[in-house]
Visitor: 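Take this structure first; my questions come after.
This is a predicted model, so every value here is computed, not measured. Both counts, for ligands and for their atoms, begin at 1 and track the order of listing. Count residues from 1 along the sequence.
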Amino acid sequence: MKADRQAPIGVFDSGVGGLTVVREIMRNLPDERIVYFGDTARVPYGSKSKNTVIRYSRQIVHFLETQQVKAIVIACNTASALALDTIEKEIDLPIIGVVKPGAQMAVETTQNKRVGVIATESTIQSGLYQQLITEADPAITVYGKPCPLFVPLVEAGYVDHSEESRQQVTKLVIAQYLTEVREAGVDTLILGCTHYPLLKTMIGEFMGQSVTLVDPAKTAAHHLEQMLSERGLKAAQEHEGQAHFYVSDVPDSFVQTADLFLGEYKGGPVDQIAIDKY
Ligand code: DGL
């Protein structure tokens, strides 16, 4: 049976960070309805094992299937790196992650063949960004660096354009993590985690103007658009785009931080579900 083009797109993440991907989808595809799931009871994924992240992702995909979605986007870099290959073999729905689009964009961007990747511990350890980039162009050297403190800093509001004293704290952490990557002489840096686009200005200032920052969320939104067009699954224009959010913990903290990630875009209802039942 052919999927319904007016059906929603399912997007999931370990928590609230995937809203940076929702924001890009809303910007590129304003007519699409979105069903978002944030695994707020089990976040973070970035320090968890492959098997655990696959198990969690499988449950979420089962939930999204009950919402009759026409396609799934794994907004979480860690779940894209650890679970996409397994999950895509198990379902009939089209599914994309953020790692492949991000890696591809970096390959197209670099001139000096030195690419940096910053992400969670689990994403860097998976080696997937490194593998995809060197498969596409073996002349590229990839410098991977886990930056585990960035996620809590962003969620606490220590982001670009926050008050000066907060930015000072984040800038110290940026210097601590990124000095090595800067010294490696990369001309392209992948922001390989949902939260990092909120530090883009400060990271950009530290790395210098000669370094291009790649945001996989933006590229993934373009890949999604292309994939929907090819399959005749883009929503008709008269359709009013809207979003429904589901979380696995009480909605409070999600609701409080959602605006930070969604920017100028509007939220929608937020409901808690028991994800381990799926
Ligand atoms: N969403 C995760 C990612 O993009 C970051 C937060 C976490 O560790 O769960 O890798």
Visitor: Taking the six-membered ring for Trp and the single ring otherwise, decide whether the centroids of Y36 and F245 are under 6.0 Å apart.
Guide: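 So the answer is yes for these two rings.
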Visitor: Going by heavy atoms, is C193 under 4.0 Å from ligand 1?
Guide: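 The answer is yes: ligand 1 sits under 4.0 Å from a heavy atom of C193.
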Visitor: Please list the nearest protein heavy atom to atom 2 (C) of ligand 1 with its residue and the distance rounded to 0.1 Å.
Guide: C76 SG, 3.5 Å
Visitor: Are any of the N or O atoms of N77 closer than 3.5 Å to those of ligand 1?
Guide: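 Indeed, backbone or side chain, N77 has an N or O that close.
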Visitor: Report the C-alpha separation of I118 and Y177 in whole Å, then their side-chain angles, then the decisive distance to 0.1 Å, and conclude whether the side-chain contact (heavy atoms from CB on, under 4.5 Å) test is met.
Guide: CA-CA 9 Å; I118 52 173; Y177 284 143; over 6 Å; no
Visitor: Just jot down the ligand 1 atoms closer than 4.0 angstrom to any heavy atom of T78, in number order.
Guide: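 Those atoms are 3 (C), 10 (O).
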Visitor: Considering the heavy atoms of Y45, write down every atom of ligand 1 situated less than 4.0 Å from one of them.
Guide: 7 (C), 8 (O), 9 (O)
Visitor: Please find out if less than 6.0 Å separates the ring center of F12 from that of F63.
Guide: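 When the ring centroids of F12 and F63 are compared, they turn out to be at least 6.0 Å apart.
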Visitor: Using salt bridge (Lys or Arg N to Asp or Glu O under 4.0 Å) as the criterion, list what pairs up with K113, not counting sequence neighbours.
Guide: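 Salt bridge (Lys or Arg N to Asp or Glu O under 4.0 Å) list for K113, sorted by chain: D137.
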Visitor: Evaluating non-hydrogen atoms only, which member of S122, P44, S14, G46 is closest to atom 6 (C) of ligand 1?
Guide: S14
Visitor: Provide the number and element of each atom of ligand 1 under 4.0 Å from a heavy atom of D13.
Guide: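 Answer for ligand 1: 1 (N).
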Visitor: When you compare the side chain of V107 with that of Q104, does any pair of heavy atoms fall below 4.5 Å?
Guide: no
Visitor: Under 4.0 Å from a heavy atom of V43: which atoms of ligand 1 are those, numbered in the order shown and with their elements?
Guide: 9 (O)
Visitor: Do T212 and T109 pair up side chain to side chain, a donor and an acceptor below 3.5 Å, judged on atom types alone?
Guide: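 No donor-acceptor contact under 3.5 Å links the two side chains.
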